[in-house]
Amino acid sequence: MVRTRFAPSPTGYLHIGGVRTALFCWLFARKHGGQFILRIDDTDQQRNVDEALRPILEGLRWLGIDWDEGPEVGGPHAPYFQSQRADRYRQAVDELLRRGCAYRDYATAEELQEERQQAEREKRTFVYSRRFMARTPEEAARFEAQGRSGVVRLLMPREGTLVIDDLVRGRVEFAWADEQDHVIQRADGSCLYHLASVVDDYQFEITHVIRAEEHLSNTPRQVFIAQSLGYPLPQYAHLPFVAEPGSRNKLSKRKLDKYLKQKDFAELMEHGLKILRAVGFDRPKEILNPVMVDFYELVGYLPEAIINYLALLGWSLSDSREEFTRAELIELFSLDRVNKAPASFDPKKLRAVQERHMQRLPAAKKAEMVSPYLQRARLVADPSEPSARARIEQVVAAAGDRLKVAGDILEFADFFTPDEQLPYDPAVMGKSLGSPEARALLAKLRDALALCEPYSAEALEKCVHQFAAEQGVKLGQVVHPLRAALTGKSVGLGLFDTLAILGRASALRRIDRALSPPTNA
RNA sequence: GGCCCCGUCGUCUAGAGGCCUAGGACACAGGCCUUUCACGCCUGCAACACGGGUUCGAAUCCCGUCGGGGUCACCA
């Protein structure tokens, strides 16, 4: 039985790199019919764990990465919060002490610091001298009498080699002599991460520890703890991390400002900001950050697309296939096709993957996705009301591939704006309707449209073509002013779709308004 | 600095000794389609970090160099 786990710290957000790790863990478990466990590493956390955890759980849920055991769903190994498992860790520390694999140490920070600097001067790996190691209770008492407080350290081997067979990196060797006597328990009795992690992995019966590469050098100490406690070793798989756009550095949410200097990333952000502003977020910059998954949910990306893109960051199936549904990923995923080199996050590629998934989405689904945006932007009061629903479906159908994320519907706000409130782009109006000739032509076209029968996109197209022919002008000369009058913009849906969706009455009203002297201030 | 990992087009990657004058995708450039914008289609640009070996033959194996990254906490 395969059991994997994802162990986030409750930090208040779900990082893209973190999701990628979670995704691979989840995919591997699902692929093998195993279980995916969510464990919360809040060893060091104070209050507000619930609040800091919410975005993480929500993000995973949005992406469809479901967990079999963990917060909210419980499970046979509960609790799944490290902060609630302290007694188990203490028992493990006692056991380590009893077996002689750990010791109480009374060195002060200054004494340690001095040794460390000495090692650095001599250009060798720092290894603690164990000068303040208490071998007996009497020694411990003596140190304590000096006013020292003790921590528990691992009594690491000082010779030999550890060989790890990593499922993605292959054989990796470490010399035990280079490893530190890490502290596993503080003087106040609280335990540290590595100890906790190993104990939990054992108690949760984790078979495969799949995590980011930055943990590779932590592995020896964890192996030591596990072996000392007599635990069977899990299989390890260290994933390459997700790098910044255009660099090999690890992606970090703190460097947003730096990424914003990168053109593609800035565009991704700007596109999202525009949508968020339109739906009335007053402080979008504080909320929005494409390094975190909330961004994609808020702006209207498809979870399947995000998953697909993330899967491609470090994993590939072949040279000919990049598009996968969640189910296909589960079926096809394997760790031996995971790459070793870090992969940088590419906003452009992500958008391309999103576009492809969006193209495959049935119109009814798109209409559903898009509705909340119209509602929040106060363009549609009730999307389920039949006439509103019909209008939404028409616009979505006509928009076709122009709708790349759900929030893009706001590009077509003019279909949901009352005729008399339609905003005009002055530059466009000047260019298309600035001249008396253009205005006169449009006035004539208006009358032709008033008579065009039936009032459908196909018939309208014929009418407009015929009109241009009769007037002896090029199609463009009539089409551009008409678009400007109808939408106030120079770009948009197909003109005849626009006409048809608006309906005759509304179209004529808009033309009249555009033609009337600019009284609106 | 020690230890560990990594190194194919700008980016994601295919490639497990001859199928490679290195393939695909995204991006980019040009063109076609077209009422705008998208979409779509076509064409083009563009990479095996470097140096030594091994071999009849190396992107693929070995060694070295260089470069990049991770990690060295009483954080997780």
Side-chain angles (χ1 to χ4, degrees), chain A residues 7-11 41-45 82 105 109 112 116 119-127 149 151-153 164 166 169-170 172-175 177-180 182-188 190-194 196-197 212-220 238 240-241 243 245-250 263-264 309 312-323 339-353 355-356 359 399-404 408 411 428 432 461 464-465 468 474-480 482-484 487 489-496 498:
Chain A
S9 271
T11 50
D41 284 13
D42 56 349
T43 319
D44 199 37
Q45 221 69 23
Q82 290 196 325
D105 182 65
L112 243 22
R116 204 170 269 129
E120 202 160 318
R121 275 193 294 274
E122 293 167 17
K123 304 213 162 162
R124 37 158 260 259
T125 306
F126 162 67
V127 181
S149 56
V151 298
V152 177
R153 288 180 181 278
I164 295 165
D166 189 282
R169 326 208 79 91
V172 182
E173 296 187 13
F174 295 90
D178 291 334
E179 298 299 319
Q180 303 302 317
H182 293 279
V183 173
I184 51 175
Q185 187 176 45
R186 298 185 181 96
D188 67 3
S190 62
C191 295
L192 267 8
Y193 169 73
H194 292 290
S197 186
E213 184 192 339
E214 65 231 51
H215 288 287
L216 184 55
S217 47
N218 297 155
T219 308
H238 287 92
F241 52 81
S247 124
R248 290 289 192 211
N249 291 41
K250 200 171 106 182
K263 189 170 139 283
D264 297 341
Y309 174 70
L312 259 17
L313 235 39
W315 174 86
S316 69
L317 180 70
S318 66
D319 63 339
S320 56
R321 179 127 183 242
E322 308 204 302
E323 211 181 317
N339 250 59
K340 292 180 184 172
S344 16
F345 175 75
D346 180 352
K348 279 259 175 59
K349 180 86 178 193
L350 187 161
R351 300 230 19 173
V353 172
E355 278 178 44
R356 258 180 275 159
Q359 286 173 349
D401 294 342
R402 275 166 276 233
L403 228 47
K404 299 183 197 306
D408 284 339
E411 295 283 319
V428 172
S432 297
E461 181 161 9
V464 172
H465 278 268
K474 280 195 260 179
L475 197 60
Q477 285 177 265
V478 348
V479 151
H480 296 305
L482 181 54
R483 176 186 299 285
T487 67
K489 300 184 298 189
S490 61
V491 300
L493 306 186
L495 184 62
F496 308 110
T498 301

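Below, read A as the first sequence line, B as the second, and so on, with proteins coming before strands; counting in each chain starts at 1.
B:C9 and B:C3 are spaced 28 Å apart, taking the P atom of each and rounding to whole Å. Using atom P as the reference point in both B:A59 and B:C42, the two lie 31 Å apart (nearest Å). Taking atom C1' in both B:U11 and B:C45, one finds a spacing of 15 Å when rounded to whole Å. When the C1' atom is used for both B:C62 and B:U43, the distance is 43 Å, rounded to whole Å. Nucleotides B:U54 and B:G10 have their C1' atoms positioned 35 Å apart, rounded to a whole Å. With both ends at atom C1', the span from B:A58 to B:G15 equals 13 Å, rounded to whole Å. Across the C1' atoms, B:C33 and B:U8 are found 36 Å apart, a figure rounded to whole Å.
Once rounded to the nearest 0.5 Å, the distance linking CZ of A:Arg351 with OH of A:Tyr309 reads 13.0 Å.
Side-chain N or O atoms of A:Tyr193 include none that pairs as donor or acceptor with a backbone N or O of A:Asp41 at under 3.5 Å.
Distances shown here put a side-chain N or O of A:Arg116 below 4.0 Å from the OP1 or OP2 atom of B:A73.
Residue A:Gln185 is classed as having no contact, given no heavy-atom separation below 4.0 Å to the nucleic acid.
Checked by distance alone, A:Arg169 brings no side-chain donor or acceptor within 3.5 Å of a matching partner on the base of B:C5. No N or O donor and acceptor, one from the side chain of A:His182 and one from the base of B:A73, sit under 3.5 Å apart.
For the salt bridge (charged side-chain N to carboxylate O under 4.0 Å, His left out) test, no residue two or more places apart in sequence or in another chain qualifies with A:Asp408. Every side chain to side chain donor-acceptor pair (under 3.5 Å) that A:His238 has, sequence neighbours left out, goes to A:Asp166, A:Arg211, A:Thr219. For the side chain to side chain donor-acceptor pair (under 3.5 Å) test, no residue two or more places apart in sequence or in another chain qualifies with A:Glu213. Applying the side chain to side chain donor-acceptor pair (under 3.5 Å) test to A:Ser316 and every residue at least two apart in sequence or in another chain returns nothing. A:Gln180 pairs by the side chain to side chain donor-acceptor pair (under 3.5 Å) definition with nothing, not counting sequence neighbours.
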remark   = Per-nucleotide protein contact along nucleotides 11-30 of chain B, 5' to 3', at a 4.0 Å heavy-atom cut-off (B base, S sugar-phosphate only, - neither), is BSSSS-------BBBSS---
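The pairing partner recorded for B:A59 is none, the criterion being a Watson-Crick or G-U wobble arrangement whose two distances lie under 3.5 angstrom. Judged by Watson-Crick or G-U wobble contacts below 3.5 Å, the nucleotide B:C3 has B:G70 as its partner. In this entry B:C41 has B:G31 as its Watson-Crick or G-U wobble partner, both defining distances falling under 3.5 Å.
Stacking is found between A:His215 and the pyrimidine-like six-membered ring of the B:A76 base under the 5.5 Å centre-distance and 30° plane-angle cut-offs.
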